[in-house]
Amino acid sequence: MTRAALPRVVLRRVVRTLPVLLGIATLNFIILHLAPGDVVDVLAGESGASTPEYMAALRHEFGLDLPLYEQFLRYLTNLLQLHFGFSYRQNQPVLNLFIDRLPATLLLMLTAMALAIVIGTLLGMIAARRPHSWLDHGVSVLVLISYAVPSFWFGLMAIVVFSVHLHWLPSGGMVTIGANLSGPALLLDLTRHLVLPASTLAIFYLAVYARLVRGTLLQLHGAEFIRAARAKGAGEWRVAINHALRNVLAPLATMAGFQLASLLSGAVLVESVFSWPGLGRLAFDAILARDFNLLLGVLFISSVLVTLLNMGTDALCVLLDPRMERLA
Amino acid sequence: MKAEIFKIDWPVVFAIVIPLPCDAPVSGAAPYMTIQRRDLFLGVSHLTLAALLGAEFALPAEAQAGAETPSKGGTVRIAVDEPTLLTSAFITTMNIGMVSSKILEGLVAYDLNLKPIPALARSWDVAADGLTVTFHLRSGVSWHDGAPFSAADVKFSLLEVWKKLHPFGRAVFANVTAVDTPDADTVVVHLSAPALYLFNYINTYGAQILPRHIYEGTDILKNPANVAPIGTGPFVFKEWVRGSHIQLERNARYWQENQPYLDGVIFRFIPDPSARTAALENNEIDVALGSLIPVSNLKRFADKSKYQINTDDGRFLASIFLAQFNVRRPYLQDRRLRQALLSAIDRNALARLVWQGYAKPAMGPVPSSVSQYHSTSLETYPFDLKKAEALLDEVGFTRGADGIRLKLTLDSGSASSLEETRAAEFIKQAWSRVGIALELRTLDTAGFLNRVFTENDYDVMISSLHALPDPTLGVQRLYWTKNIIKGAPWTNGSGYSNPELDQVMQEAAAEADPAKRKALIQTWQEIAQRDLPILDLVELTWTTVSTARYHKVTSQGDGLFAGLQDAYLLPQS
């Protein structure tokens with residue numbers, strides 16, 4: 001019954017998603033064109049000087065001299081044919097640039113998310129064991145700090161401590177450039193580079209999971225099935241993991257889907273601090289350079305990914321909690 | 001004839017940059033307090049600077065030993081800002097030049113006095129009438145793909161690339177009527193009028209030679225070689241991983257025997273200034289080029305046994321930090337107001353406090369590093385608040401009930417350096433003392449360019465610009481009436497127009513006699529310094545911070561764009 005319902009849920013979501021994507025594309029286009037200046041201004045500014053004739057020729061070549069609605073129609077037509085355009089500033093098709101950067105972002109994002117969920121859940125469980133005890137308060141304070149302190153500051157401090165003073169870990173980059181490693185050595189090298197940025201990101205996100213897990217577990221405090229489990233002699237950890245934690249999974253999955261979306265673009269500062277070659281920086285640089293083709297492409301593909309992630313989350317929720325099916 | 005001045009592409013610095021713990025605390029809320037605190041460090045920074053200057057003449061013993069016999073091998077890791085292209089032949093972006101100069105070469109390079117020294121041209125001569133210039137090229141040079149380099153490559157680059165597409169080249173080579181190549185090693189350039197300034201802009205940054213066999217008949221701006229260049233230089237392009245690094249390998253067939261010494265060069269992109277500082281301290285990079293380390297962090301590299309700070313590499317650019325008035329505004333048209341506002345800025349303090357000594361006060365439109373033309377006899381408007389106030393009263397800007405004479409806006413681009421942001425705060429404080437209230441406005445680069453050069457909607461703007469070794473190339477553009485071009489960045493954005501000065505500048509450009517030219521440029525500076533559409537505030541120093549292992553046999557005035565064939569790394573101790 002549950003599993004059979006899944007395709008229907010997915011299909012319904014897909015149909016519902018299409019107008020949303022169209023709306024996103026339109027909004028992106030409008031908002032970006034409200035910014036003063038265009039990519040030709042930036043190119044001319046960077047090149048030192050330019051004649052108005054040359055700038056006009058560039059605008060013509062890039063299609064920036066067309067009326068805005070025509071540019072928009074062109075953009076939509078290209079989008080429907082899955083043409084994401086060309087970045088004139090980077091001299092590369094947008095899709096290539098996106099795909100080049102995607103693995104780095106996914107690696108960082110998924111690692112950070114996994115760390116955040118595992119550590120956050122553990123902290124939440126510890127806090128929920130004895131509510132309002134010193135341990136609970138300790139965890140609360142810790143979580144509050146991790147949520148409140150800007151992540152790039154954590155990043156810089158981590159560099160100062162672990163790279164500059166202790167020399168344990170590299171301060172940035174994704175692999176040791178020029179080392180030409182392969183196999184396990186490459187994996188180790190990658191892991192060493194991943195530790196600091198992933199932890200830095202995770203520190204921020206784990207706060208939400210800790211709070212979520214603690215709250216949900218406390219709600220279950222007097223629940224009958226928990227008392228039943230205790231009555232049959234299950235230890236506290238067993239009760240927590242086998243019985244109580246299952247109830248946390250659905251909200252956890254929802255929250256994770258939500259946060260994955262924000263991670264996709266939200267890691268700009270951490271990527272910058274650790275010179276991680278990810279999507280956030282690509283998008284950020286594109287904003288400064290008014291490289292709208294690139295930016296529109298990145299935003300659109302990201303929004304497609306986010307939509308897919310949301311659908312995945314919904315599907316997961318249905319699997320985790322059959323009651324959700326009726327809601328979907 | 002056109003001459004250009006342009007924008008330093010400062011590293012994109014995040015609005016939020018947290019200094020490393022050892023830094024003097026910087027509080028955005030109380031800029032003036034911050035500056036005063038920095039005063040306390042002055043003694044220290046002067047000592048450090050003196051020590052650094054001394055270091056040039058008395059290198060540590062091991063470094064001297066190294067200088068005699070460069071060690072071979074090793075790969076130098078250099079931090080730069082990620083370029084968008086790897087060819088400088090038609091674009092002047094600095095970070096492109098800093099990378100491409102290792103792969104592609106020019107006719108000459110420049111020594112510390114900005115005199116040309118041979119690169120791909122062995123020697124050159126100028127006819128007595130100044131109308132013919134002959135370059136004798138090196139023979140036996142080949143491109144990285146094996147094709148021979150010849151005079152035809154130079155001719156193609158000059159006529160098809162520099163003269164047509166390069167923002168400066170159009171001005172530099174405007175007088176070129178024809179180029180002859182009597183044999184494979186000789187290039188004869190014919191001019192319609194003398195153009196002495198030509199010799200000041202033909203290095204790999206100003207006039208990079210491209211391979212004709214790759215570019216001829218193609219759309220030069222879109223040629224794939226622009227991002228995977230084929231050059232004659234000491235290093236061969238290997239790979240560019242976007243967002244991460246560029247890797248170059250040793251050119252085993254380089255024309256200079258036994259060079260390059262290094263096995264390769266890796267350019268790493270580290271966007272955050274504090275992270276760059278940490279990477280250099282953690283021995284993850286060897287060199288940070290082009291002032292990538294903020295001046296507030298330079299004291300972390302004061303230990304001469306571990307680090308070196310080179311302040312000569314950017315002499316060629318002759319960069320000036322300046323404030324420009326929008327003289328279209330009725331209330332900014334009286335030059336006495338502008339003179340008063342210059343007197344109200346203590347340029348010594350500005351250079352000392354904001355740039356911590358890695359800069360010196362500017363005394364005119366032509367910086368002192370351009371020693372051939374720099375004038376020392378100009379009116380300099382020394383810091384004098386009383387005089388400034390008297391002058392402001394005279395112009396009619398009297399203090400109102402709130403003590404304010406005039407409210408102005410000051411625009412800057414957010415992509416500018418940390419130092420520029422602090423300088424804006426310094427100017428705000430300085431002018432408030434004579435009753436001028438400044439509102440600071442910051443936009444990102446595109447917005448800033450749009451506001452200043454397209455909308456002309458500003459009172460005062462600050463920026464850092466390269467004056468370049470020749471005023472005709474670097475300074476004229478800022479003052480020239482014909483260069484008031486709406487919509488084109490880094491033109492005459494002040495709207496200042498003076499037919500008398502136009503005449504002098506045009507004569508200076510076409511003058512063949514060096515002495516007469518110098519006299520004309522003197523007059524030019526006097527007029528510019530009298531009218532002051534632009535306040536030249538500080539001559540900037542470009543720093544190259546490196547570990548003590550890194551050495552280069554010859555110092556260059558255009559060291560930012562050096563090929564590094566003579567660079568080497570001492571063995572790890």
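Here the structure is a predicted model, which means the values were calculated and not measured. Sequence lines set the chain letters: A, B, ... in the order given, protein chains first and strands last, and positions in each chain run from 1.
B:L221 touches chain A through backbone and side chain together, each having a heavy atom under 4.5 Å away. For A:L97, the part lying under 4.5 angstrom from a heavy atom of chain B is the side chain only. In this structure, the portion of A:L169 lying under 4.5 Å from any heavy atom of chain B is its backbone and not its side chain. Contact annotation for B:E239: neither backbone nor side-chain heavy atoms come within less than 4.5 Å of a heavy atom of chain A. Heavy atoms closer than 4.5 Å to chain B are found nowhere in A:M174, neither backbone nor side chain. Neither the backbone nor the side chain of B:T75 has a heavy atom closer than 4.5 Å to any heavy atom of chain A. The contact between B:I270 and chain A is made by backbone and side chain atoms together, counting heavy-atom distances below 4.5 Å.
What you find for B:A278 and A:I159 is that their closest heavy atoms are CB-CG2, 3.3 Å. Closest non-hydrogen pair, B:S274 versus A:L156, comes out as CB-CD2, 3.7 Å. Taking each heavy atom of A:G173 and B:R268 in turn, the nearest pair found is N-NH2, 3.6 Å. What you find for A:R101 and B:R242 is that their closest heavy atoms are NE-O, 3.4 Å. Considering every non-hydrogen atom in both A:S275 and B:P271, the closest pair reads CB-CD, 3.7 Å.
Taken to the nearest 0.5 Å, the CG atom of B:N450 stands 8.5 Å off from the CZ atom of A:R290. If you take CZ on A:R281 and CZ on B:F269, they are separated by 9.0 Å, rounding to the nearest 0.5 Å.
Counting non-hydrogen atoms of other residues, nucleotides and ligands closer than 6.0 Å to OH of A:Y147 gives a total of 12 or fewer. Summarising the local packing, NZ of B:K482 is surrounded by 12 or fewer heavy atoms from other residues, nucleotides or ligands at distances under 6.0 Å.
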Enumerate donor-acceptor pairs with a distance under 3.5 Å from any side-chain N or O in residues 31-45 of chain A to protein atoms, sequence neighbours excluded.
unit_1 : atom_1 : unit_2 : atom_2 : d
A:H33  : ND1    : A:F29  : O      : 2.9
A:D38  : OD1    : A:V40  : N      : 3.0
A:D38  : OD1    : A:D41  : N      : 3.0
A:D38  : OD1    : A:R59  : NH2    : 3.2
A:D38  : OD2    : A:R59  : NE     : 2.7
A:D38  : OD2    : A:R59  : NH2    : 3.4
A:D41  : OD1    : A:R59  : NH2    : 3.2
A:D41  : OD2    : A:D38  : N      : 3.3

| said: What verdict does the side chain to side chain contact (heavy atoms under 4.5 Å, CB included) test give for A:V164 and B:T277, after you've listed the backbone C-alpha separation in whole Å, the side-chain angles of each residue and the deciding distance to 0.1 Å? | reply: CA-CA 10 Å; A:V164 176; B:T277 306; over 6 Å; no
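For the pair B:E284 (side chain) and A:S171 (backbone), a donor-acceptor distance under 3.5 Å is present.
If you tally non-hydrogen atom pairs under 4.5 Å between each of A:G172, A:P150, A:G278 and chain B, the highest count goes to A:G172.
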